[in-house]
There are 2 protein chains.
Amino acid sequence: MADKVTITDVARAAGVSRQTVSNTLNSPEVVREETRRHVLEVIERLGYRANQAARQMRTGRSRLIAIRIDPGGDGISGSVLDRFLHGLTETAAHEGYRVLLYTAADDRAEIATYEDLLGSYKPDAFVLTATHHDDIRTSWLLERGLPFVAFGRPWSHLPDARHPWVDVDGASGTEAATRHLLAAGHRRIGFIGWPSGSGVGDDRRAGWARTFTALGSETGGAGDLDALLRSVEDGIESGESAARDLLRTAAPTALVCASDSLALGALQAARSHEGERPVAVIGFDDTPAATAAGLTSVHQPLAEAAAACVDLLARALENPDAMRSPDAEGSPSEQAHVLLPPSLTIRQSA
Amino acid sequence: MADKVTITDVARAAGVSRQTVSNTLNSPEVVREETRRHVLEVIERLGYRANQAARQMRTGRSRLIAIRIDPGGDGISGSVLDRFLHGLTETAAHEGYRVLLYTAADDRAEIATYEDLLGSYKPDAFVLTATHHDDIRTSWLLERGLPFVAFGRPWSHLPDARHPWVDVDGASGTEAATRHLLAAGHRRIGFIGWPSGSGVGDDRRAGWARTFTALGSETGGAGDLDALLRSVEDGIESGESAARDLLRTAAPTALVCASDSLALGALQAARSHEGERPVAVIGFDDTPAATAAGLTSVHQPLAEAAAACVDLLARALENPDAMRSPDAEGSPSEQAHVLLPPSLTIRQSA
DNA sequence: ATGAAAGCGCTAACAG
DNA sequence: CTGTTAGCGCTTTCAT
């Protein structure tokens with residue numbers, strides 16, 4: 001029964017015109033307090049909801065935010081997107097937006113989906129995840145002045161980003177992990193990460209490197225960084241073999257990893273490693289698998305990140321021109337961004 | 001540039017009327033082959049996409065499927081919804097539908113969201129997950145003749161379901177797990193599940209029980225079922241303590257669990273248990289945590305399940321009346337359903 | 001097989 | 001502050 005109630009029904013029941021009802025909803029300040037209250041009451045009583053399609057036709061705004069959902073690699077870190085999505089949906093609802101899902105095999109296919117979506121459902125904005133160097137998606141959207149926010153820094157254009165973004169400070173996370181190990185007395189702390197070139201991976205490695213280097217300059221040179229570093233593809237197996245190799249050649253007493261997948265593998269290697277003291281391991285992402293394995297891990301505030309994304313978008317959508325002038329000569333057109341600090345979830349492994 | 005192209009632009013560019021373009025898209029059989037081809041070509045060239053809002057206003061169909069996304073308990077099995085969602089989004093796109101997300105704290109709140117959504121975005125259908133006994137959501141939707149499909153059996157009304165559903169045969173999964181253990185020579189196989197009353201849990205327990213009982217009647221009574229059964233809340237810790245208890249009092253050589261969370265806990269207990277042969281453990285859901293822990297687990301075909309949901313919905317939406325006659329006296333109004341068999345992913349733990 | 005007219009529900013402009 | 005008019009882009013009659 002909730003449907004079929006139109007603005008005309010409300011107007012009739014309240015004894016006012018349709019526009020007064022519309023104004024009550026869209027420009028409350030224009031309606032007399034008393035009338036407003038009365039209309040609101042009738043709306044409530046009839047269970048009226050503005051038809052979104054009709055509203056969209058008139059205003060051109062769909063109040064839809066689109067985001068891609070992918071299968072997520074080995075699944076270990078898949079739950080990261082899951083939590084982010086939940087937060088996004090929840091915050092978006094508060095701001096009057098809904099989340100629309102789509103899939104795409106790669107960036108090119110994603111752009112094709114943009115075209116499709118923009119012609120049909122016309123989402124007001126996109127949320128980009130897994131941004132990387134020379135991301136064609138951001139340039140495509142930027143060229144067309146389409147509103148979007150990236151969850152992930154615009155790695156190729158820092159620090160003068162030309163679009164709003166939200167990210168978690170990976171370096172600060174691995175720094176916290178490294179400091180935690182230092183505080184526990186460790187001095188030889190290895191790092192297992194991904195090959196150079198991925199923004200996320202480089203960032204996470206940097207946090208370890210800088211902390212470790214700082215220690216070196218304090219104590220007078222602790223740091224043969226390269227010997228304690230391994231760069232491999234993500235995965236449990238590669239994490240295990242990298243850890244084995246590291247333990248054999250560099251004798252670290254602790255390992256910081258760029259992901260939980262790597263850390264889980266490293267943990268296996270650590271457990272089968274003989275030594276007076278167990279080798280400590282710290283992962284990244286605080287996935288369910290980390291919980292299950294008792295793995296200390298860097299935790300990303302995903303609900304907050306999602307909320308920040310919605311916030312930035314809502315703001316940009318209220319001020320359409322802020323974003324639609326990519327080449328405004330006079331203004332630096334610096335875009336808002338949010339960099340959130342992660343926290344360390346401490347468990348048995350470190 | 002993909003937007004702002006209307007059906008009028010296409011008509012003009014193709015030298016036909018707007019209706020011919022519309023017909024080409026919606027009733028191709030009505031248009032002359034040659035004209036149809038020409039129009040299609042122009043559509044392609046201009047990158048035209050039918051404005052969904054306008055279409056919805058006219059037809060009343062949004063081509064939107066709504067589904068709830070929740071934070072997912074301890075997160076271990078959260079990835080199940082994740083994979084299902086991905087499959088749903090992908091299949092839905094093939095059929096011309098998009099997936100709209102929403103959250104809700106509980107069933108009552110979810111119904112409130114139905115009302116909101118039905119009045120605003122007007123999704124064509126809902127996909128229900130985590131169905132349970134006396135689910136107020138199904139009755140609410142049923143009463144109003146709203147199209148939906150449940151991922152999960154209508155536990156309170158089997159076998160004459162009054163709505164379409166898709167599910168994975170949990171009992172067959174635990175049966176396969178139990179048979180696998182029997183084949184490996186195990187004879188005392190315990191089960192750690194949830195307290196009676198949850199459809200899913202009862203189903204999974206039944207698969208173990210019936211297989212084990214069948215063995216008993218063959219060999220002449222192997223089965224003191226109750227001694228080998230523990231029912232606890234889901235979670236790693238409760239799984240571990242239940243397993244410890246079971247190992248101490250009933251001396252099983254293998255354990256089948258109703259979830260990966262329970263199994264992960266059981267695995268810990270099993271590893272610290274002394275015996276000539278390691279205690280085998282099998283979980284359920286084949287989550288990333290199971291991969292990481294080398295846990296053998298029952299794998300649900302989630303992409304297939306999602307595809308089946310979309311299929312059932314698409315069919316129901318083409319035949320609106322099939323669903324809208326909950327009380328049709330003459331017809332049993334039996335609804336279509338799909339029960340998919342899971343598979344066993346074998347790893348080190350069993 | 002194709003063209004003309006109407007209207008889905010809403011809100012942005014105005015007029016009162 | 002409230003009411004009237006118009007039209008967003010599409011599909012569904014109904015004529016031709």
Distances for protein N or O near nucleotides 9-11 of chain C N or O, under 3.5 Å:
unit_1 : atom_1 : unit_2  : atom_2 : d
C:dG9  : N2     : A:Ala54 : O      : 3.3
C:dC10 : OP1    : A:Tyr48 : OH     : 2.6
C:dC10 : OP1    : A:Asn51 : N      : 3.3
C:dC10 : OP2    : A:Ile7  : N      : 2.5
C:dC10 : N4     : A:Arg18 : NH2    : 3.0
C:dT11 : OP1    : A:Asn26 : ND2    : 3.0
C:dT11 : OP1    : A:Arg55 : NE     : 3.0
C:dT11 : OP1    : A:Arg55 : NH2    : 3.2
C:dT11 : OP2    : A:Ser22 : OG     : 3.1
C:dT11 : O2     : A:Arg58 : NE     : 2.6
C:dT11 : O2     : A:Arg58 : NH2    : 3.4
C:dT11 : O4     : A:Arg18 : NH2    : 2.9

Using the ring-ring contact (aromatic ring centres under 6.0 Å, His included) definition, which of the options B:Phe148, B:Tyr121, B:Tyr114 pairs with B:Phe126?
B:Tyr114

Heavy-atom count check: over 12 atoms from other residues, nucleotides or ligands less than 6.0 Å from B:Glu33 CD?
yes

Given C:dA1, is OP1 or OP2 found less than 4.0 Å from the side-chain N or O atoms of B:Thr35?
no

Candidate pair A:His163 and A:Val149, rule side-chain contact (heavy atoms from CB on, under 4.5 Å), full reasoning:
CA-CA 7 Å; A:His163 60 80; A:Val149 60; over 6 Å; no

Rounded to the nearest angstrom, tell me the gap between atom CD in A:Gln56 and atom P in D:dC10.
12 Å

Where do B:Val168 and B:Arg153 come nearest, in terms of heavy atoms and distance?
O-NH2, 3.2 Å

With a 4.0 Å cut-off on heavy atoms, is A:Thr20 in touch with a base, just the backbone sugar-phosphate, or nothing at all?
sugar-phosphate

If each end axis of the helix from C:dA1-D:dT16 to C:dG16-D:dC1 is fitted on five C1' pair positions, the angle between them, to 10 degrees, is 40°

Would you mind classifying the nucleic acid contact of A:Val30 as base, sugar-phosphate or nothing, using non-hydrogen atoms under 4.0 angstrom?
base

Euclidean distance, atom NE2 of residue B:His38 to atom C1' of C:dT2 [Å, nearest integer]
14 Å

Mind listing the closest non-hydrogen atom pair of B:His38 and B:Ala14 along with its distance?
NE2-O, 3.2 Å

Please collect all ring pair (Phe, Tyr, Trp, His ring centres under 6.0 Å) contacts where either partner lies in residues 80-106 of chain A, sequence neighbours excluded, each pair once.
A:Phe84-A:Phe151

Do B:Arg36 and B:Glu34 make a side-chain contact, defined as non-hydrogen atoms from C-beta onward lying under 4.5 Å apart?
no

Distance in angstrom units between A:Arg32 CZ and D:dG3 P, rounded:
10 Å

Is A:Arg63 salt-bridged to A:Asp124, cutoff N-O under 4.0 Å?
no

With a non-hydrogen cut-off below 4.0 angstrom, is B:Val31 in contact with a base, only sugar-phosphate, or nothing?
sugar-phosphate

